[in-house]
Amino acid sequence: LPPGTPPLDYDVVVSVYDEDTLKPLSVLDAQGAPSGARASVGAVRVERNPLPGAPADPTLTAINAEAAPGLTLEGYAVESREATAGQRLALRLRWRAEQAGLDVGPIRVQLVQGGQVIAEQQGAPADGQYPVEGWNAGEVVLDRRELSVPGGAASGPAQLQVQVGEIGRAHV
């Protein structure tokens with residue numbers, strides 16, 4: 001698991017693909033009927049790292065910007081620099097708490113084009129399951145986000161903006 005994976009319970013899900021076509025194979029239920037292309041094979045609990053910090057991640061663009069008092073955005077990665085209308089845009093953010101018990105407000109990721117927000121995702125990391133207020137001092141958290149580019153989005157450049165609370169903002 002990448003350093004900074006939020007300490008939560010996760011389902012372990014597998015898919016098997018045909019080696020020639022790379023199409024997913026159907027999973028069969030107890031009666032032998034197809035039940036989709038994914039199978040849950042168990043669960044795993046990720047524990048909180050007892051040591052502050054985490055090794056650098058060379059797949060991220062380092063930014064080390066204070067996004068809010070006591071909260072640093074260490075780096076980010078965007079899955080693709082190009083997206084068309086209707087596609088999903090995946091983003092990874094790596095946060096570091098400089099102190100425990102932060103009260104920084106909501107984390108917002110926005111796709112902005114021509115001064116207008118065309119897509120937005122808001123909430124705590126791990127789909128809202130790991131709020132900043134519970135982090136330890138020095139804790140590093142990997143935050144995965146997805147934005148859907150709206151069907152009516154115009155062609156052309158857009159910016160990703162990360163905002164924490166009402167005042168912090170970092171352009172990525």
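In this text, all values refer to a predicted model and were calculated from it rather than measured experimentally.
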Looking at Ile63, Asn64, Ile107, which one forms a side chain to side chain contact (heavy atoms under 4.5 Å, CB included) with Leu73? Ile63
Do [X] and [Y] have side-chain heavy atoms sitting under 4.5 Å apart?
X      : Y      : value
Trp135 : Pro125 : yes
Leu160 : Leu147 : yes
Arg92  : Asp57  : yes
Val117 : Leu111 : no
Asp143 : Trp95  : yes
Gln121 : Glu146 : no
Ile118 : Val112 : no
Leu60  : Tyr76  : no

May I have the step-by-step check of side-chain contact (heavy atoms from CB on, under 4.5 Å) for Leu91 and Arg144, ending in yes or no? CA-CA 6 Å; Leu91 174 69; Arg144 297 175 186 274; over 6 Å; no
Flag yes if [X] and [Y] sit in one hydrophobic cluster, no otherwise; membership is Ile, Leu, Val, Met, Phe, Trp, Tyr, and two members link when side-chain heavy atoms are under 4.5 Å apart.
X      : Y      : answer
Val140 : Leu1   : no
Leu142 : Val132 : no
Val41  : Val46  : yes
Val16  : Val27  : no
Leu25  : Val14  : no

Look at the side chain of [X] and the backbone N and O of [Y], then say whether any donor-acceptor pair between them is shorter than 3.5 Å.
X     : Y     : answer
Gln87 : Thr84 : yes
Asp29 : Gln31 : yes
Ser26 : Ala37 : no
Thr21 : Lys23 : yes

If we count only N and O atoms by modelled type, under 3.5 Å, do the side chains of Tyr130 and Arg48 hold a donor and an acceptor together? yes
For Arg88 and Ser148, does a side-chain donor sit closer than 3.5 Å to a side-chain acceptor? yes
Mind listing the closest non-hydrogen atom pair of [X] and [Y] along with its distance?
X      : Y      : answer
Pro6   : Val141 : CG-CG1, 4.0 Å
Glu66  : Gly70  : OE2-N, 3.8 Å
Val149 : Ala83  : CG2-CB, 4.0 Å
Ala124 : Pro131 : CB-CA, 3.6 Å
Asn136 : Ala97  : O-CB, 3.5 Å
Pro58  : Ala56  : CD-O, 3.6 Å

Output yes when Arg45 and Asp9 qualify as a salt bridge under the 4.0 Å nitrogen-oxygen rule, no when they do not. yes
Lys/Arg N to Asp/Glu carboxylate O, Arg96 vs Glu139, below 4.0 Å: no
To the closest 0.5 Å, what do you measure between [atom1] ([X]) and [atom2] ([Y])?
X      : Y     : atom1 : atom2 : answer
Leu8   : Glu47 : CG    : CD    : 10.5 Å
Arg38  : Asp11 : CZ    : CG    : 9.5 Å
Asp103 : Leu71 : CG    : CG    : 11.5 Å

If you count the non-hydrogen atoms of other residues, nucleotides and ligands that lie under 6.0 Å from CG in Asp127, is the total more than 12? no
